Amino acid sequence: ETGVTQTPRHLVMGMTNKKSLKCEQHLGHNAMYWYKQSAKKPLELMFVYSLEERVENNSVPSRFSPECPNSSHLFLHLHTLQPEDSALYLCASSQEEQREQYFGPGTRLTVT
Amino acid sequence: KQEVTQIPAALSVPEGENLVLNCSFTDSAIYNLQWFRQDPGKGLTSLLLIQSSQREQTSGRLNASLDKSSGRSTLYIAASQPGDSATYLCAVRKDTDKLIFGTGTRLQVFP
């Protein structure tokens, strides 16, 4: 595996379910990001981790809970989501926050 | 608050044409600007990164320019091909802040 990978690629969940999105980077980077991409809206940064510590949380609802156990892995835990949370969730990584970001293919989430 | 605008929102051109995509930003004090390509339902692929001290960057048939003082960047695609069809996004960074993305230009190149 090379680059940034995300699993699953597609996820359908009910509003009462609990699920997790996984991101893994094989680039030796030390910063990782979660973005949300909704239809007809710009990408929105959700969370930033640098050296495994959360450095930014853009006022994301608590039903989204990130976890970064090491510099190669990033999770987004989901619970009691709303239909408006349906979107493409993208993970990215970079070597330091200021450097070029590399994106994964995304997880297409549908909340029913 | 930094805002990023991309014009046009959509563009359809015949194969072989040279084309220009525009990106404008409201706060000229940026650290760098990055152009991405996104295929339908897929992640983003970084195309070019321009540091604030640079005026342009080139990669193959792509050339991106940056005019910080006027808050503008352009992505020039030479001799367009059907494989160039995608959504093109620009994003700016101010110092150590997060990337601020535009809404993108959806490009279709037809044979």
Side-chain angles (χ1 to χ4, degrees), chain A residues 2-11 21 23-25 27 29 31-51 54-60 74 86-110, chain B residues 1-10 21-27 29-54 57 59 62 64 66 73 86-106:
Chain A
T2 59
V4 181
T5 59
Q6 290 186 242
T7 55
R9 295 295 308 279
H10 300 273
L11 178 62
L21 310 185
C23 175
E24 185 172 358
Q25 59 97 1
L27 300 168
H29 291 164
M32 297 187 77
Y33 313 77
W34 278 118
Y35 286 88
K36 176 183 179 182
Q37 187 175 35
S38 304
K40 305 208 187 296
K41 292 175 67 175
L43 262 77
E44 303 171 67
L45 179 67
M46 300 175 72
F47 301 103
V48 180
Y49 277 82
S50 180
L51 299 173
R54 189 193 302 183
V55 297
E56 181 151 358
N57 173 356
N58 271 6
S59 303
V60 178
L74 184 65
S86 298
L88 181 67
Y89 288 84
L90 293 162
C91 172
S93 71
S94 66
Q95 183 58 32
E96 301 170 10
E97 289 176 64
Q98 298 84 358
R99 298 289 188 89
E100 188 172 4
Q101 293 185 19
Y102 292 81
F103 282 75
T107 294
R108 172 68 62 185
L109 173 67
T110 303
Chain B
K1 178 187 171 186
Q2 178 72 275
E3 293 184 3
V4 181
T5 304
Q6 290 186 246
I7 294 173
L21 308 182
N22 297 292
C23 173
S24 61
F25 43 96
T26 53
D27 184 347
I30 64 169
Y31 185 81
N32 60 39
L33 182 145
Q34 199 166 351
W35 281 94
F36 295 89
R37 167 188 173 138
Q38 185 175 29
D39 292 286
K42 302 285 182 63
L44 277 65
T45 301
S46 179
L47 298 173
L48 292 162
L49 173 70
I50 311 177
Q51 301 293 348
S52 62
S53 58
Q54 297 174 317
Q57 283 284 337
S59 176
L62 305 179
L66 174 63
S73 175
T87 295
Y88 290 81
L89 298 163
C90 76
V92 300
R93 179 193 300 282
K94 177 177 180 177
D95 294 327
T96 59
D97 286 356
K98 58 185 179 289
L99 281 176
I100 305 296
F101 282 83
T103 50
T105 293
R106 191 173 66 255

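Here is the naming used below: chain letters follow the sequence lines, and residue numbers restart at 1 for every chain. What you are looking at is a predicted structure, and each value in this text was computed from that prediction instead of being measured.
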- Could you tell me whether the side chain of B:L44 reaches within less than 4.5 Å of the side chain of A:L90, counting heavy atoms only? yes
- Item | Minimum side-chain heavy-atom gap B:Q38-A:L88 below 4.5 Å | yes
- Query: Which atoms of B:I100 come close to chain A, meaning under 4.5 Å heavy atom to heavy atom: side chain ones, backbone ones, both, or neither?
  - Reply: neither
- Query: For the atom pair CG (B:L89) and CD (A:Q37), what is the distance rounded to the nearest 0.5 Å?
  - Reply: 6.5 Å
- Query: Closest approach of B:T103 and A:K41, non-hydrogen atoms and distance?
  - Reply: CG2-C, 4.3 Å
- Might you work through the side-chain contact (heavy atoms from CB on, under 4.5 Å) test for A:R108 and B:K42, ending with a clear yes or no? CA-CA 9 Å; A:R108 172 68 62 185; B:K42 302 285 182 63; over 6 Å; no
- Tell me, for B:Q51 versus chain A, whether the close heavy atoms (under 4.5 Å) come from the side chain, the backbone, both or neither. neither
- Item | Which atoms of A:Q101 approach chain B - backbone, side chain, both or neither, heavy atom under 4.5 Å | both
